[in-house]
Number of protein chains: 2
Amino acid sequence: MSRPERGHISGNDALLVLETIETCLAADSDQDLYETVIPCIQKLFSFDYASLTLGTWQAAQRKWSPQALYSLNLPGSFWESYQKSNWIADPVVAESLRGRPHQHWSMTAGQTILDTGETRAPPLHPSAALLMDYGIYSGYTSAVAPAGPGESCSMITFCTGRDRGLDPRTRDILSHLTPHLHQALLRNQNNGKAPDILLSNRESEVLNWLKLGKSSWDISMVLGISERTVNFHVYNLMRKLGAINRPQAVAIAVSRGLIGLD
Amino acid sequence: MSRPERGHISGNDALLVLETIETCLAADSDQDLYETVIPCIQKLFSFDYASLTLGTWQAAQRKWSPQALYSLNLPGSFWESYQKSNWIADPVVAESLRGRPHQHWSMTAGQTILDTGETRAPPLHPSAALLMDYGIYSGYTSAVAPAGPGESCSMITFCTGRDRGLDPRTRDILSHLTPHLHQALLRNQNNGKAPDILLSNRESEVLNWLKLGKSSWDISMVLGISERTVNFHVYNLMRKLGAINRPQAVAIAVSRGLIGLD
DNA sequence: TTGTCACCTGTCAGAAATGACAGGGCGGGC
DNA sequence: GCCCGCCCTGTCATTTCTGACAGGTGACAA
């Protein structure tokens, strides 16, 4: 367990950061994200464009696949073009996922300059050319690593149309904020789905035994009903969940939070 | 979306709160919790005892079942006695779960006084008598509601051996901290289990198709191998996961984070 | 070389699940 | 009274899964 040093923010900054973290915790819709969280961040430091993307990061395959996207002032056409390019080949994304979570970058003619002083010369990745086409010249990009295997991670970028150097205060603020922005994105994504499947008591009960590997006969013994009735409940709950067999029913139920993980 | 007013903390407090939130984010073992997070909180306000419990809260049954417990200066015998009593009948817990997440309480002879001014007179709940037996007279208890259905929630208590009144600053600090303490507890709990089950590429692949409700034949078509081989992989992954059939294999894999929820 | 491991394939009997048919009772809301 | 959801039960044919038997390849490390 190690924590980076962050000595560049004042008490007043800290209060604003706390307020922003609160808005992240309270945000439970896309609207909240745009109308409450983003304005709160704008009180902390200035930026012209923002992109908050949530996706999966497969360590084994070194692959980053964005799944949800929130952007501020970035036209849809930018994302269409960007999606077509290979994310992982973007030098900033690549560096992020290589263990440098917080980065500052800027562009000069044909070069991407990272905050390590490193420059990525031509052949320039298409994404860099794309950024310059849209008039974006510098920004901060943070990656929030997935909490566990198979979980989502975020790539969070705030950028400007001017060529600005790295500001330690902004960097420190971002290192405080990004984990909570990630949580907010994650929560929002989960709110999107889940259209209220209601199982009856018996169905939940049967489902919980299924999860534990019990067969219909086993369950019939536990519940004191006939095996046929257990199959009846299984059939109904599969229909409600939209599953075509038991493994899928269990998977859907767990992902919808209808039964605990245990 | 609504946020409570919190006007009782200073810029300096805010910096310390941010630091504490950082320790919560970085804590990934029980040791971190005791040696880094708790001392950090002690820099913010003083307390003699603490208990951080993580458990499940079944809204339908109004039932709170603690699953993990971290305590500071509270002897094991206290918890043994407390566990035997009915948690939900504890007036503070009951109030918490009724939608008052942050509470201050104190004891006088035979009474529990809540911060609403309400008093819970005898017959006193056994837990109250128990607290007084151990010399605990007042404290703050916060409940962090589960993020989604089937998810865990926390009950977090900081208390003292003296009869102290409600301090708005402490209350505000706690309302900032508790969501992150909850996250830390949650993360620690998940770190506790998961003894590294390693599936081969093919096994994960097969597992992911199982989760989607595909039969062995379906999977054999997708992967271009024989149905027998699919069964072979399924047999192996069930053995590795300790499952006796496919539904259980999927449930275990999801709970261990070996495959995504989707 | 020998060993291990992932990967692949076959057969077979018995167990389990699926999905259709049929029927019954009980309680609550309109 | 009727409808609806929940709960319960039966039979049957077909499909799928389980768990044992048997065997093979190629890669990589000790």
Side-chain angles (χ1 to χ4, degrees), chain A residues 58-63 149-150 195-256 258-259, chain B residues 58-61 149 195-254 256 258-259:
Chain A
Q58 315 265 37
Q61 292 123 49
R62 302 199 67 75
K63 199 177 149 196
D196 298 18
I197 296 172
L198 266 180
L199 298 181
S200 72
N201 292 337
R202 266 313 202 210
E203 282 158 1
S204 317
E205 209 167 0
V206 167
L207 193 51
N208 271 295
W209 287 113
L210 279 187
K211 184 188 64 180
L212 297 174
K214 302 302 176 191
S215 69
S216 297
W217 185 86
D218 294 335
I219 300 173
S220 77
M221 289 296 107
V222 173
L223 299 183
I225 55 181
S226 80
E227 190 179 345
R228 175 65 193 87
T229 305
V230 174
N231 282 325
F232 168 80
H233 291 307
V234 172
Y235 178 80
N236 287 325
L237 68 88
M238 288 199 307
R239 192 174 38 77
K240 284 188 185 177
L241 294 174
I244 67 156
N245 56 21
R246 294 174 189 218
Q248 193 184 14
V250 168
I252 293 175
V254 170
S255 77
R256 297 293 181 90
L258 296 171
I259 51 180
Chain B
Q58 316 265 40
Q61 292 122 48
D196 299 16
I197 296 172
L198 268 180
L199 298 181
S200 73
N201 291 338
R202 268 311 203 211
E203 283 158 1
S204 319
E205 210 167 0
V206 168
L207 193 50
N208 271 295
W209 286 113
L210 279 187
K211 185 188 65 181
L212 297 174
K214 302 301 175 191
S215 70
S216 296
W217 184 87
D218 294 334
I219 300 173
S220 76
M221 288 299 107
V222 174
L223 299 183
I225 55 181
S226 80
E227 190 179 344
R228 175 64 191 87
T229 305
V230 175
N231 283 324
F232 169 80
H233 291 305
V234 172
Y235 177 79
N236 288 324
L237 70 87
M238 287 200 305
R239 193 173 37 76
K240 283 187 185 177
L241 295 174
I244 67 157
N245 56 22
R246 295 174 188 216
Q248 194 185 12
V250 168
I252 293 175
V254 170
R256 297 292 181 90
L258 297 171
I259 51 180

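Chain letters run A, B, ... following the sequence lines, proteins first and then strands; every chain starts at 1.
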Could you tell me whether A:R202 contacts a base, only the sugar-phosphate backbone, or nothing, with contacts defined as non-hydrogen atoms closer than 4.0 Å? sugar-phosphate
Does the side chain of A:S215 come within less than 4.5 Å of A:M221's, by heavy atoms? no
Across the strands shown, which category fits B:T229 at heavy-atom distances under 4.0 angstrom: base, sugar-phosphate, nothing? base
Using a 4.5 Å cut-off on heavy atoms from C-beta on, say whether the side chain of A:L207 contacts that of A:K211. no
Counting heavy atoms from C-beta on, name the nucleotide in D:dT9, D:dC7, C:dT9 closest to the side chain of A:R228. D:dT9
Check for a donor-acceptor pair, side chain of A:N245 on one end and backbone N or O of A:Q248 on the other, with a separation under 3.5 Å. yes
Between C:dA6, D:dT9, C:dC8, spot the one nearest the side chain of B:K240, thanks. C:dA6
Identify whether any heavy atom of A:N201 sits under 4.0 Å from a base atom; if not, whether one sits that close to sugar-phosphate; answer base, sugar-phosphate or nothing. sugar-phosphate
A side-chain contact here means heavy atoms from C-beta on lying under 4.5 Å apart; do B:R202 and B:I225 qualify? yes
In the structure I gave you, are the side-chain heavy atoms of B:W209 and B:V222 within less than 4.5 Å of one another anywhere? yes
For A:Y235, which contact category applies under a 4.0 Å heavy-atom criterion: base, sugar-phosphate, or nothing? sugar-phosphate
Interatomic distance, B:M238 CE vs D:dG19 C1' [rounded to whole Å]: 9 Å
Divergence of helical axes at both termini of the helix from C:dT1-D:dA30 to C:dC30-D:dG1 - five pairs an end, 10° steps: 50°
Against the side chain of A:R246, the closest entry in C:dG10, C:dT18, C:dC7 is C:dT18
Any sub-3.5 Å donor-acceptor pair from A:E203's side-chain atoms to A:L199's backbone N or O? no
